[in-house]
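So the structure is just underneath, and the comments pick up after that.
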Amino acid sequence: MVDFRQLACSLLGSLLFRLSPLGCYYDFQQDVSKSVAIIGAGSAGLAMLKTLLDLPVETRSEWDIVLYERRRDVGGIWLPDPSPPPPPELPETPLYPLLRTGTPIPIMTYPHFPFPPGTPLFPTHEYIERYHQDYATHYGLWPYIKLNHSVVSSSWVGTPHAGHWEMVVEDHNGDRIQKSFDHLVVAVGISYAPHVVIFPGQETWIENARGGLQREIFHSMWYRHPSWYANQTVVVVGGGASGIDVSSQVSQYARKVYLSIRSSPRRGMPTGPVEMKPGISHLTSDDVIFTDGSTVQDVDTIILATGYDLRMPFLEEGGEVIVKPGSNETDEHRLTTNLRYLFPLHKHIFSLSASYPTNALAFIGLPGSPFGRPSDIAESIYATSIIVNSSLLAPRAELLSELANSEEDLRRRGYDPYYIGHKMIKNSTFDYQEGLIKTLRLKEGLPEQNTTFVEPWRRESLDYLRGSLKRGWSRLEALGLAAEWLDGVESEEEWADLMRRVDAWQRDWETAHHLVFPDEALLY
Ligand SMILES: Cc1cc2nc3c(=O)[nH]c(=O)nc-3n(C[C@H](O)[C@H](O)[C@H](O)COP(=O)(O)OP(=O)(O)OC[C@H]3O[C@@H](n4cnc5c(N)ncnc54)[C@H](O)[C@@H]3O)c2cc1C
Ligand SMILES: *[C@@H]1O[C@H](CO)[C@@H](O)[C@H](O)[C@H]1NC(C)=O
Ligand SMILES: *[C@@H]1O[C@H](CO)[C@@H](O)[C@H](O)[C@H]1NC(C)=O
Ligand SMILES: *[C@@H]1O[C@H](CO)[C@@H](O)[C@H](O)[C@H]1NC(C)=O
Ligand SMILES: *[C@@H]1O[C@H](CO)[C@@H](O)[C@H](O)[C@H]1NC(C)=O
Ligand SMILES: *[C@@H]1O[C@H](CO)[C@@H](O)[C@H](O)[C@H]1NC(C)=O
Ligand SMILES: *[C@@H]1O[C@H](CO)[C@@H](O)[C@H](O)[C@H]1NC(C)=O
């Protein structure tokens with residue numbers, strides 16, 4: 001039987017554009033126009049917006065593309081929140097005033113958009129904030145960005161084959177607006193829900209503060225100024241980049257700093273007078289007791305640099321994502337976050353929930369990596385192509401079995417996929433990025449290209465994350481030579497060459513002085 005409503009709709013769809021009186025919004029939205037909402041204007045969201053706008057104008061001219069960002073500007077974590085509220089209310093960003101990048105900026109760039117000449121190789125955070133603003137300006141992204149707009153909830157209304165996202169967005173005045181979109185692209189970052197550990201006995205320890213002093217335990221997300229800990233005894237918990245950096249900074253002011261880590265540090269060693277400790281076992285009314293039985297008294301502050309939980313509050317709100325800490329159980333109609341891994345997703349991007357089409361919900365930026373921006377772009381290209389043409393994806397069942405295979409492959413290599421989550425192991429980010437682009441070219445029937453997505457200099461710069469480049473740059477700055485070395489460095493190739501030269505210069509010097517440093521591991 002002919003479905004007359006459908007027929008009328010498709011005819012109308014080609015004549016009109018926007019809502020028709022027959023209520024055939026969805027059918028014709030798919031034929032003529034699409035609406036896409038991106039959430040978040042950090043590195044990942046900007047990458048997605050730029051990539052959508054790169055589509056041929058004839059493809060996207062009727063599309064409605066909006067990026068919602070809850071904060072006052074773009075940049076994500078790199079945009080400061082100068083006066084964070086006290087816990088438990090969350091700061092807008094974990095950024096602290098003395099943060100410098102832990103990775104050299106040439107590798108932190110979007111492809112073909114280097115930092116301005118003269119930028120230090122390991123700059124303070126202001127440069128990265130500015131870089132994102134420049135990117136938005138250079139690629140004409142601003143007209144599509146709605147700042148001060150926070151997405152409160154988002155639910156699918158429709159069938160597994162057709163429908164739309166019903167979104168509630170709160171603007172700067174606290175007014176709530178309702179909007180619907182065909183496609184949702186989530187780029188909200190992976191560092192806004194602090195992972196808080198609780199030690200046995202900590203209540204007693206806090207209550208037992210004496211002499212008008214206060215004892216505090218808080219997550220590094222609230223950490224701002226090291227001078228606040230002058231004359232204190234501080235224990236920093238966690239051996240990731242934040243734990244190392246925060247303990248190094250606080251040690252310049254505190255009476256004594258301990259860094260408590262459960263296994264050997266992954267990201268270098270703290271600088272400054274920091275005493276290493278194993279994990280905390282428990283607290284008593286006066287003591288912090290470590291797993292090796294050693295005890296520290298007179299501790300004033302414990303800073304938890306214990307990372308972040310993977311949460312999606314606005315999707316949890318409508319039941320699209322359910323939270324099951326530590327679980328590996330999936331529900332066919334929902335996504336699950338076990339706080340480290342969001343599943344099941346196709347290539348860390350598309351939701352494989354059976355409730356909506358496989359190109360309805362995409363995530364950009366989940367595989368946080370020092371090579372994050374090129375990875376965001378590769379993911380954005382993949383997501384954009386599949387939003388344009390959903391037939392580029394195999395049926396869901398096939399994608400699920402592909403996912404099971406890649407999880408099995410990780411297990412064979414000794415990693416638990418439900419524990420490492422979306423993190424890229426060692427250099428696998430390059431194969432991941434290349435794989436996304438290659439898969440698309442094959443599916444689109446485009447010829448194999450002899451150019452690669454990942455520039456050879458980026459692969460090469462993996463070596464520079466081992467530590468010598470950073471030590472070399474510090475030495476150049478201390479010698480007052482930084483500006484001289486930066487002189488004339490503009491193109492990507494010149495930035496790559498600068499990294500090569502500084503790294504070699506430092507390694508020669510270290511060899512000549514018989515200095516040996518442990519390699520910093522490559523897992524970010
Ligand atoms: C302390 C720290 C230091 C780091 N140092 C480095 C480094 O040296 N080198 C490096 O490569 N990487 C570093 N990173 C990783 C960094 O997170 C990435 O470089 C990158 O900035 C992540 O971008 P993103 O867009 O994925 O997420 P984010 O930067 O977190 O951006 C997400 C955006 O989404 C917005 N948002 C969230 N929820 C909503 C909502 N409901 N509605 C509207 N908007 C919303 C947020 O306001 C935010 O602007 C660091 C991270 C931290 C926390
Ligand atoms: C966003 O909010 C800030 C205050 O937090 C305000 O200064 C700014 O003008 C607002 N920007 C827009 C585009 O509404
Ligand atoms: C830290 O202690 C020293 C010596 O006891 C004292 O001179 C100094 O004023 C103290 N500083 C702060 C910020 O309390
Ligand atoms: C989940 O974990 C259980 C127990 O460890 C295991 O038996 C099961 O195979 C796992 N399932 C998946 C999908 O990994
Ligand atoms: C969409 O992709 C499929 C599968 O590759 C292809 O056959 C089809 O021609 C594409 N459609 C458009 C409009 O490009
Ligand atoms: C990635 O690492 C593997 C082993 O760790 C190595 O064999 C391979 O050559 C590396 N690839 C690149 C591009 O660096
Ligand atoms: C790609 O290969 C073709 C022929 O195989 C060659 O003519 C061309 O120069 C190559 N391009 C690059 C960028 O290497």
Side-chain angles (χ1 to χ4, degrees), residues 37-48 67-79 81 90-96 98-105 107-109 122-125 127-129 131-132 142 145-154 167-173 186-194 220-221 223 240-243 245-246 267 305 307-308 311-317 326-330 336 338 341 343-344 363-376 379 400 403-404 407-408 410-411 416-419 422 465 470 524:
I38 303 169
I39 309 177
S43 306
L46 295 178
M48 184 64 194
L67 185 157
Y68 292 112
E69 168 53 56
R70 65 179 167 180
R71 301 189 59 200
R72 66 186 189 279
D73 209 335
V74 304
I77 72 123
W78 300 101
L79 179 67
D81 175 4
L90 298 176
E92 293 178 357
T93 169
L95 184 79
Y96 41 84
L98 293 181
L99 182 75
R100 289 182 136 216
T101 70
T103 44
I105 47 146
I107 72 160
M108 286 180 69
T109 55
F122 293 87
T124 52
H125 61 85
Y127 289 89
I128 319 297
E129 178 190 350
Y131 177 81
H132 287 92
W142 292 110
I145 301 176
K146 288 203 176 297
L147 298 173
N148 294 337
H149 278 69
S150 179
V151 176
V152 178
S153 71
S154 186
M167 269 173 48
V168 177
V169 185
E170 190 173 281
D171 70 13
H172 192 43
N173 304 319
V186 177
V188 295
I190 53 175
S191 37
Y192 66 72
S220 59
M221 193 174 193
Y223 167 78
S242 296
D245 198 29
V246 169
R267 299 271 293 164
Y308 295 87
R311 297 290 298 270
M312 297 285 157
F314 58 92
L315 286 170
E316 292 166 20
E317 182 76 24
S327 170
N328 67 358
E329 307 269 301
T330 67
T336 300
N338 70 7
Y341 187 44
F343 57 97
F363 296 84
I364 305 294
L366 290 180
S369 144
F371 296 89
R373 270 133 293 253
S375 173
D376 294 339
E379 291 187 329
L400 282 167
L403 174 64
E407 289 178 353
E408 195 44 44
L410 276 172
R411 280 197 200 88
D416 176 358
Y418 292 82
Y419 183 78
H422 305 280
L465 298 183
K470 196 170 186 179
Y524 188 61

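Along the sequence shown, residues are numbered consecutively beginning with 1. When a ligand or atom number is given, it counts from 1 through the structure's own listing order.
Neither the backbone nor the side chain of V152 has a heavy atom within less than 4.0 Å of ligand 1. With a heavy-atom cut-off of 4.0 Å, R411 touches ligand 4 through its side chain alone. Only the side chain of M108 comes within 4.0 Å of ligand 1, judged by heavy-atom distances. When non-hydrogen atoms are compared, ligand 1 lies under 4.0 Å from the backbone of A187 (N, CA, C, O) but not from its side chain.
Of the N or O atoms in E329, none lie within a sub-3.5 Å distance of an N or O in ligand 4. In terms of polar-atom proximity, defined here as any N/O pair under 3.5 Å, Y192 makes no such contact with ligand 1. Residue-to-ligand polar distances keep G45 apart from ligand 1: every N/O pair is separated by 3.5 Å or more. Considering both main-chain and side-chain atoms, T103 comes within under 3.5 Å of ligand 1 through a nitrogen or oxygen pair. When only interatomic distances are considered, the shortest N/O to N/O separation between E69 and ligand 1 falls below 3.5 Å. For ligand 1, the polar-atom distance check against R70 finds a nitrogen or oxygen pair separated by under 3.5 Å.
In this structure, CZ on F343 lies 5.0 Å from CG on N338, to the nearest 0.5 angstrom. Interatomic distance, OG1 of T109 versus CD1 of I128, reported as 10.0 Å (0.5 Å rounding). Atoms CZ and CD1, on F314 and I39 in that order, are 3.5 Å from each other to the nearest 0.5 Å. Here the straight-line distance linking atom CG of D376 with atom CE of M48 works out to 11.0 Å at 0.5 Å rounding. Here the OG1 atom belonging to T93 is positioned 8.5 Å from the CG atom belonging to L99, to the nearest 0.5 angstrom. Rounding to the nearest 0.5 Å gives a distance of 6.5 Å between OG1 of T124 and CZ of R100.
Here the shortest heavy-atom pairing between W78 and L95 reads O-CD2, 3.7 Å. The shortest heavy-atom contact between F363 and E379 is O-OE1, 4.2 Å. Counting all heavy atoms, side chain and backbone alike, G45 lies closest to A187 at N-CB, 3.4 Å.
Listed by number with element, the atoms of ligand 1 under 4.0 Å from a non-hydrogen atom of A44 are 24 (P), 25 (O), 26 (O). The contact set between ligand 1 and R373, taken as ligand atoms under 4.0 Å from a residue heavy atom, comprises 10 (C), 11 (O), 19 (O), 20 (C), 21 (O). The ligand atoms of ligand 1 that sit less than 4.0 angstrom from a heavy atom of G76 are 28 (P), 29 (O), 31 (O), 48 (C), 49 (O). Per-residue contacts place Y418 under 4.0 angstrom from the following atoms of ligand 4 (heavy atoms of the residue considered): 13 (C), 14 (O). Shown in contact with T101 at under 4.0 Å from a heavy atom are these atoms of ligand 1, numbered in order with element: 8 (O). Remark: ligand 1 atoms within the under-4.0 Å shell around heavy atoms of G40 are 33 (C), 34 (O), 35 (C). Under a 4.0 Å criterion applied to the non-hydrogen atoms of R71, ligand 1 contributes the atoms 47 (O). Atom numbering of ligand 1 starts at 1 in the shown order; those under 4.0 Å from a heavy atom of G102 are 7 (C), 8 (O). For ligand 1, the atoms sitting less than 4.0 Å from at least one non-hydrogen atom of F314 are 41 (N), numbered in the order shown with element in parentheses.
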| task | Please report the C-alpha distance between F371 and L465 in whole Å, then the side-chain angles of each, then the deciding distance to 0.1 Å, and finally whether the side-chain contact (heavy atoms from CB on, under 4.5 Å) criterion is met. | result | CA-CA 11 Å; F371 296 89; L465 298 183; 3.9 Å; yes
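Ligand 1 has H149 within reach: a non-hydrogen atom of the residue lies less than 4.0 Å from it. At least one heavy atom of P94 lies less than 4.0 angstrom from ligand 1. Remark: distances from the non-hydrogen atoms of S150 to ligand 1 include one below 4.0 Å.
With a 6.0 Å cutoff to the six-membered ring centre and a 45° limit on the axis angle, R71 does not count as a cation-pi contact of Y192.
For E69 (side chain) and A41 (main-chain N/O), a donor-acceptor pair under 3.5 Å exists by modelled atom type. Side chain of E316 to main chain of M312: a donor-acceptor pair is present (N/O by atom type, distance under 3.5 Å, no hydrogens or angles).
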Short N or O separations between ligand 2 and the protein, below 3.5 Å:
from, atom 1, to, atom 2, distance (Å)
ligand 2, 2 (O), N148, OD1, 3.1
ligand 2, 2 (O), N148, ND2, 2.4
ligand 2, 2 (O), H172, NE2, 3.3
ligand 2, 11 (N), N148, ND2, 2.8
ligand 2, 14 (O), N148, ND2, 3.0

